[in-house]
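Here's the structure we're looking at; comments come further down.
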Amino acid sequence: MDPITFSIIRHRLYRVIDEAVITLKHVSGSAITNEGHDLMVSLYRADGSLLMGGVGFLHHLTSAAEACKAIIRRFEGRIDEGDVFLTNCPYTAALHTSDVYLVAPIHYDGELVAWSACFVHVYDIGAMVPGGFSPDSRDIFTEGFSSPGLKLVSGGEMNTDVMDTILNMVRAPEMVALDLSSMIAANNVARERMVALVDKYGPQPVDQACQMLVDQSEQSLRERLRELPDGRWESRQYFDIEEETYRVLLAMTKKGDSLTFDFSGSSEQSKYGINCAYWAAWGGFFAPLFPLLCYDITWNDGVLRPISMIAPEGTIVNCTRPAPISLATVGAIQSVNNAACVCISKMLSASEKYAKEATAVWHGSHFAIFMFGQNQKNQEAIGIMTETFGGAGGGRSFADGVDVGGEIPNPIGRMANVETTESHFPVRYLFRRATGDSGGPGKYRGGTSLEYAIQQHDSPDGGIHYVVSGKGTKFSMSDGLGGGYPGAPCNFRWVHNNDAAEAGKNVNPFATSLDQMTGEQQSISWGVFPLMDRDVLYVRSDGGGGYGDPLMREPDKTARDVREGSVSKGVARSVYGVVLDAEGGVDAEASMRARDAIRAQRLGQEAAE
Amino acid sequence: MSTRISASLVVNEQGEIACMECGHALGPAGEPWKQAARLSQTPLQGAAGEPYSNAANVLLRRFFCPGCAALLDSETALAEDPFLNDIVHV
Ligand SMILES: [Zn+2]
């Protein structure tokens with residue numbers, strides 16, 4: 001095939017996905033999809049293998065391939081033009097029941113030529129608590145509707161009995177119907193555009209180009225791996241749920257042109273729904289692998305071929321049915337993301353050529369808050385506080401982490417405006433801003449995190465409720481790199497009877513920090529809590545990991561951090577060894593003395609042995 | 001010619017792991033090197049300002065070069081857990 005045609009077809013495939021994502025967003029009505037970009041659309045080969053990975057949460061790229069393959073097995077001989085299938089079973093392919101996959105075959109002249117697949121986190125799935133994150137569930141049976149595969153659309157006609165059964169089992173069925181419609185629309189657009197592509201170039205050339213694309217990705221990744229040194233790198237993630245502590249352990253071995261991710265030694269599966277299933281762990285390390293190792297390689301099945309995984313059964317990274325799993329995405333999967341980011345970055349750091357691609361961990365812990373209740377328009381409002389997608393960038397070998405800079409597993413993640421959230425939920429923000437001293441110190445500082453506080457406002461029921469499924473309050477999950485410190489942990493506080501929240505009235509002045517709040521503060525991290533009357537919820541997310549030795553940071557950069565409120569004077573002095581003069585400039589002599597003193601202290605430590 | 005093996009370490013011509021900054025040797029290549037470093041092991045809680053204050057009983061381990069005091073690596077750990085061990089073949 002001539003390289004120009006090949007290139008055109010490759011770019012057309014990208015555009016097919018782009019257009020399907022736009023469709024998904026235009027039809028969907030929920031903030032988690034529109035504002036948070038908790039979504040994914042990708043294209044698959046006729047056998048269900050990944051052809052062209054799209055944007056959104058990248059751990060879905062491979063899991064949706066397993067969804068296509070599961071549908072192919074289940075519906076063999078009954079897959080027809082215009083069908084759309086649904087699966088959201090985590091023990092089949094999905095990450096958790098809330099992330100519903102809709103996969104659709106693409107036919108040309110009666111022949112199956114490809115699949116399109118997409119997901120959104122649906123408005124509700126009928127779990128114990130609204131929104132799908134179900135901290136009180138102790139098995140999958142209480143985590144809502146779950147299907148290993150069903151035909152939602154048959155030859156272009158909606159199977160209304162199936163659709164109505166799903167909608168009969170969820171809260172806010174009109175919103176869930178919109179979610180499912182948005183995915184049907186996205187699949188329709190993907191199909192139309194793919195058919196147009198095949199029409200223009202012919203089925204055989206398109207098939208050949210697709211095969212070449214997959215082979216090219218495999219070759220490119222294998223070449224890259226051969227350029228990197230052989231070795232074995234370890235990382236360890238702790239996370240806390242209530243009084244329990246869990247570990248995700250990863251040893252990544254690179255030999256020649258292959259890479260193995262070994263999770264042996266990770267904690268046994270939990271009674272809480274933070275477990276993940278096999279394909280979720282598999283997708284979990286591809287989420288950082290695609291952007292860190294394959295930034296210039298098409299994300300498809302070819303990338304998967306040099307990679308293998310060991311995930312012992314019955315552990316937190318490969319749980320056994322019917323273990324609960326509804327919080328997998330903010331639980332074990334995110335720890336897999338982080339652990340893989342560390343190991344891949346350490347491997348990149350060991351190469352002159354690729355060291356600049358390494359990064360400390362970005363946004364190691366989602367701090368997902370799901371709100372539910374009647375809003376000021378007397379509608380049933382369910383949804384996530386999209387700040388959890390705000391994130392914080394990790395430090396790199398050449399630059400600081402981006403403040404509130406997102407996360408690696410979702411390159412298009414973002415958060416809603418304060419006003420958007422206030423228009424959907426009966427809440428008022430007291431403040432929302434970047435958090436000083438939250439970025440992990442380093443030669444290149446980790447990005448700062450967010451802090452915000454909300455209270456109920458104009459609520460017909462006197463307030464609403466929320467689900468907190470926070471990990472990373474007792475441990476830092478955004479590891480540093482090359483000596484850089486980890487980012488600061490998360491923090492959730494329930495402030496009782498805060499004066500500034502009296503009866504939901506607009507009391508001035510607002511508390512503009514946690515210190516100013518008069519009510520009693522209670523640390524929380526897990527379960528369902530009220531935001532009623534004069535309650536305030538304060539949330540602080542985790543900062544990005546730092547890169548390198550903080551004593552190597554240019555003092556002027558730290559002076560700027562202090563001016564901008566990213567670093568306190570105390571930390572500038574004690575961690576960075578930077579002393580400021582009365583005008584806020586660097587006192588060079590005092591700073592040199594401070595750094596010498598810190599170095600002397602370091603050398604005064606015992607040997608590690 | 002020394003060969004880079006991490007953000008802070010190289011393997012020198014003698015086949016030893018060494019500090020990238022000052023060249024201080026930390027043992028043979030392919031073997032664990034952290035034992036040869038100076039170790040500071042303190043609660044993460046007090047590591048770097050107020051936002052770290054709610055960290056539990058987790059430690060921040062920092063490994064320093066005995067030659068020039070450069071911070072070579074850091075990790076968080078519960079006291080009973082071993083050092084993370086990275087091996088690079090050169
Ligand atoms: Zn040194």
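As the structure is a prediction and not an experimental result, all values here were calculated from the model.
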Going through the checks in order, is the side chain to side chain contact (heavy atoms under 4.5 Å, CB included) test met by B:Tyr52 and A:Asn491?
CA-CA 9 Å; B:Tyr52 290 81; A:Asn491 196 346; over 6 Å; no

Evaluate the criterion side chain to side chain contact (heavy atoms under 4.5 Å, CB included) for residue pair B:Leu71 and A:Met552; output intermediate values, then yes/no.
CA-CA 9 Å; B:Leu71 174 56; A:Met552 309 285 274; over 6 Å; no

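No side-chain donor-acceptor contact under 3.5 Å links A:Tyr485 to the backbone of B:Ala47. No donor-acceptor pair closer than 3.5 Å links the side chain of A:Arg599 to the backbone N or O of B:Ala69. Although no hydrogens or angles enter the test, the distance criterion places a donor-acceptor pair under 3.5 Å between the side chain of B:Arg38 and the main chain of A:Leu603. Distance alone, capped at 3.5 Å, places no donor-acceptor pair between the B:Ser6 side chain and the A:Ala350 backbone.
For the options B:Ser53, B:Ala37, B:Gly49, B:Gly67, heavy-atom pairs under 4.5 Å to chain A are most numerous at B:Ala37. Most heavy-atom pairs under 4.5 Å with chain B: of the set A:Arg602, A:Gln605, A:Lys474, this distinction falls to A:Arg602. In terms of heavy-atom pairs under 4.5 Å with chain A, the best-connected choice from B:Cys65, B:Ala77, B:Pro51 is B:Pro51. Of the listed residues B:Ser8, B:Ala70, B:Ala48, the one with more heavy-atom pairs under 4.5 angstrom with chain A than any other is B:Ala48. Contact count versus chain A (heavy atoms, under 4.5 Å) is highest, among B:Leu9, B:Thr3, B:Asn54, for B:Asn54. Considering only heavy-atom pairs separated by less than 4.5 Å from chain B, the leading option among A:Gly570, A:Ser351, A:Pro550 is A:Ser351. Of the listed residues (A:Ala251, A:Gly487, A:Cys343), the one with the most heavy-atom contacts under 4.5 Å to chain B is A:Gly487.
For chain A, the nearby part of B:Arg62 is the side chain; its heavy atoms alone come within less than 4.5 Å. Only the backbone of A:Ser235 has a heavy atom closer than 4.5 Å to any heavy atom of chain B. Only the side chain of A:Arg540 comes within less than 4.5 Å of a heavy atom of chain B; its backbone N, CA, C and O stay farther away. Of the two parts of B:Pro82, the backbone and the side chain both hold a non-hydrogen atom closer than 4.5 Å to a non-hydrogen atom of chain A. Both the backbone and the side chain of B:Ile87 come within less than 4.5 Å of a heavy atom of chain A. Using a 4.5 Å cut-off between heavy atoms, B:Leu84 contacts chain A through both its backbone and its side chain. Neither the backbone nor the side chain of A:Ser345 has a heavy atom closer than 4.5 Å to any heavy atom of chain B. Contacts of A:Glu606 with chain B are made by backbone atoms alone, with heavy-atom separations under 4.5 Å and no side-chain atom involved. Contact annotation for B:Glu21: only side-chain heavy atoms (C-beta onward) come within less than 4.5 Å of a heavy atom of chain A. In this structure, the portion of A:Asp479 lying under 4.5 Å from any heavy atom of chain B is its side chain and not its backbone. For chain B, no part of A:Ser397 is nearby; none of its heavy atoms comes within less than 4.5 Å. When heavy atoms are compared at a cutoff of 4.5 Å, A:Cys490 approaches chain B solely by way of its backbone atoms N, CA, C and O.
Rounding to the nearest 0.5 Å places CG of A:Leu514 at 8.0 Å from CD of B:Glu50.
Among all heavy-atom pairs drawn from A:Gly482 and B:Ala7, the shortest one is CA-CB, 3.8 Å. Summarising the geometry of A:Ser476 relative to B:Thr76, their closest heavy-atom pair is O-OG1, 4.4 Å, with the distance given to 0.1 Å. Here the closest non-hydrogen pair linking B:Leu78 and A:Phe475 is CD2-CE2, 3.9 Å. Listed here is the closest heavy atom pair of B:Phe83 and A:Glu234: O-OE1, 4.1 Å. A:Gly484 and B:Ser74 get closest at one heavy-atom pair: O-OG, 2.7 Å.
Sorted by first and then second residue, the side chain to side chain donor-acceptor pair (under 3.5 Å) pairs involving residues 567-576 of chain A (not counting sequence neighbours) are A:Asp437-A:Ser568. Residue pairs meeting the salt bridge (charged side-chain N to carboxylate O under 4.0 Å, His left out) criterion with at least one member in residues 72-90 of chain B, sequence neighbours excluded, are A:Arg236-B:Glu75, A:Arg247-B:Glu80, A:Arg247-B:Asp81, A:Lys346-B:Asp86, B:Lys34-B:Asp73, B:Lys34-B:Glu75, B:Arg61-B:Glu75.
A heavy-atom distance below 4.5 Å is found between the side chains of A:Pro486 and B:Leu60.
More than 12 heavy atoms of other residues, nucleotides or ligands lie within 6.0 Å of CD in A:Glu244, so this atom counts as buried by the packing criterion.
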